[in-house]
Structure formats: structure tokens, C-alpha cells
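Before any comments, here is the structure.
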Amino acid sequence: MKKFARKNVQALEPYLSARKIGGEGDVWLNANESPFDNSYNVQIGGLNRYSECQPKTLIGAYASYAGVRTEQVLTSRGADEGIDLLIRAYCEPGEDKILYCPPTYGMYSVSAESMGIETALVPLTQEWQLDLDAIQANLQAVKLVFVCSPNNPTGNLLQRCDIISLLEMTQDKALVVVDEAYIDFCPEASTVGLLDTYPNLVILRTLSKAFALAGLRCGFTLANKDTINTLQKVIAPYPVPVPVTDIAIQALSEAGLARVKYQVLDICANRAYLQVGLSMLSEVQVYEGWGNYLLAKFVDGDALFEAAWDEGIILRNSPIDNCVRISIGNRAECEKTLEFIRNYYL
Ligand SMILES: *Cc1c(COP(=O)(O)O)cnc(C)c1O
């Protein structure tokens, strides 16, 4: 039956998520998940009725957290669905393209390819910043430009002035989608303040990372009202299950936000611990990271990744030469990982 599938789907390499790769162990630092397993109260009942498409309480709570108006917010099944909706709503197969800047998050290309949309690749510079001249030279037929800050897997922030130049360069031509999946770890770096100035700006957010709710599947797209209305046309009629809204509202309550703040500080402290520890090893070059992960370059990255795997320490190998991405877990997990790497090079 394989041949019945669309040609581009037959050719598609599915996104290899950390979960699919598998592994066995007790230290899971490969999916940028939070080490905090917070508990919630869920009301069982009322599930005979369909959910609201865009639950008002949830939209209100996130708008207030993000500092935007409710008309600028769309909620979906994770930020990943936001990527999908944008491509579906804005790109004409066979005509339009998306542009993205590797090394970066894998879902932009997977989503585009599954819909038969061509991709234009403009690699980041050596410093992992936007190559604005090369982007400008490749904007032909591009409707969406995806950029990611903090960037996954490199961990660095994109320069704000470059994002502004990109927004100006693409005005009336393309939407710029800034993926801020990790922005809660460095909220001062958000581009949210630019939404009212640049109508072509779109921001992706999620509860999967700093909010420790990867299993909930709840994300947000922030954009001007027209863009949100366009996305509303293509979203499923009931994208947000009732219990998801209940839990997300608790996470976004005053108490929930205070807890996130505390947990973010804790994770950032562990990140600093791991960063300093790794930087003391001559076989390792560790890059500054702004999310809940660090990218490190080893003299023998693949071998180190495998050796850690065999010890039950599951990290993420990266497409960048000899680099491994390490999610920041709790202090014990960071200690165990650092100790393993130290001993590996003894
Ligand atoms: C994790 C991640 C997402 C997806 O988040 P979900 O809300 O869980 O779908 C999007 N972008 C980047 C860069 C990520 O790392």
C-alpha cells in the first residue's frame, strides 16, 4: 500500500524525536524536558461535550503572561502544530517555500516536506547568527522564514538587531516566525515587544519546556490579529482537550507562574554548574546556552555519546561535528553526567 501515499510522503524521513530513538537508562537528558514532575488537579466530568476551539480562559491567561492582547494569541497542540498550521495556511504547494537556517530545530523541514512545500536553507554564520545577506539573496518565493532563539541545538540567542533587519527586509513579502520555545529561560530576550510594530512577526511558544508540561501538548502562536484569524481557518475544530485547558490554566495561575520562576532559576543554576564543570576539561568545548540545554563539542563526540548511552545516560547527538546536546536535569543528573564525562577522559 506504500505506493498509494503521496510521492513526497513516500520520500519523507519522519522526524526522529528523542522518544523514538529509544535507549535504556536512568538519566534522560536528550529531549530538553524539565526534571520537575509537578502535580495538578484534574476534574473528571463534562467530557461528554466538545471543548471550545480556543478556550477563552486559556487564551486570556497566556495573553496576560506574554503581555499581549487576547486577539494576538492562538493555542494549539504544542508549538509543533503551530509550525504546521503556518505552513498549511501560508504556503501554496509547488509555488511557495519556507526558509530556515541550520543547524536548527528539525520540524520546520519535516512539516514543509510532508505538505510538499520546498525549503530554502541558509546556514547560520560561524557564530550561529543570521546570515542576512544570504537570506536576502534567497527570499525568492519564500512565504515563511523560521528562526529560533534561543536556537536549538546550539543554545545561543539571535541578535535582536538582526531579527529586526529580517523583519524589515521581509515586510510585505514573508512572515518571520521566531521560535521562542525556550524563551521562558531568558524572557528579556523575547521579541514579543515587536509584535505591534511588525505585522509580519509571528512568535511560537510552548508549555513543554520551562513549564514542565511536554506531555500536555500545549503551545501558543502570537501574532497580529489578521494572522491569528487566518490560522483559525485551518486549525482543527476541537484542538485543545478539556483536561489540557484545566491543567494549562493552573500552570499559568499566579502560583503556577511563581513555581515556574523558581524552577527556571534552579535549572539555570544547574546549567551553570555543568557548563563550568565541562569547561575545565581540555577535551571539551562547551558553548554558552540560554535554554535548558548545553551544546558541547568533544574530541570524539559520537564515541562519547555511545559510551554515555551504554551507561544509561541518554544524551542527544547533533548534526554538528562532534557535538552533543545535553539537557539540564536535576542536580544529581548533572553531577552524574559530569562525573561520567570526567572519568571518560581520565
Ligand atoms: C521543543 C521545541 C518545540 C516544540 O514544542 P512542543 O510545544 O512540544 O510541540 C518547538 N520548537 C523548538 C525549537 C523546540 O525545541
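Counting starts at 1 for both ligands and their atoms, in listed order.
- For Asn48, the CG atom is densely surrounded, since the number of other residues' heavy atoms within 6.0 Å is greater than 12.
- Scanning all heavy atoms of the two residues, the minimum distance from Thr119 to Ser109 falls at CG2-CA, 4.3 Å.
- With Tyr105 as the aromatic partner, Arg325 does not meet the cation-pi criteria of under 6.0 angstrom to the ring centre and within 45 degrees of the ring axis.
- Interface of Ser208 with ligand 1, defined as ligand atoms under 4.0 Å from a residue heavy atom, comprises 6 (P), 7 (O), 8 (O).
- Contact annotation: for Lys209 versus ligand 1, heavy atoms closer than 4.0 Å belong to the side chain alone.
- Close approach of ligand 1 to Arg217 (heavy-atom distance below 4.0 Å) involves ligand atoms 6 (P), 8 (O), 9 (O).
- Under a 4.0 Å N-O distance rule, the pair Arg69/Asp196 qualifies as a salt bridge.
- Put simply, the side chain of Pro35 reaches to within 4.5 Å of the side chain of Glu333, judged on heavy atoms.
- Geometrically, ligand 1 and Tyr105 share no nitrogen or oxygen pair separated by less than 3.5 Å.
- Taking each of Asn151, Asp179, Asp80 in turn, the one with a heavy atom nearest to atom 11 (N) of ligand 1 proves to be Asp179.
- The protein heavy atom nearest to atom 15 (O) of ligand 1 is Tyr182 OH, 2.6 Å.
- The heavy atom nearest to atom 6 (P) of ligand 1, considering only Cys148, Ala181, Pro153, Ala79, is found in Ala79.
- The number of heavy-atom neighbours closer than 6.0 Å to CG of Asn8, taken from other residues, nucleotides and ligands shown, is above 12.
- Close approach of ligand 1 to Gly78 (heavy-atom distance below 4.0 Å) involves ligand atoms 6 (P), 7 (O), 9 (O).
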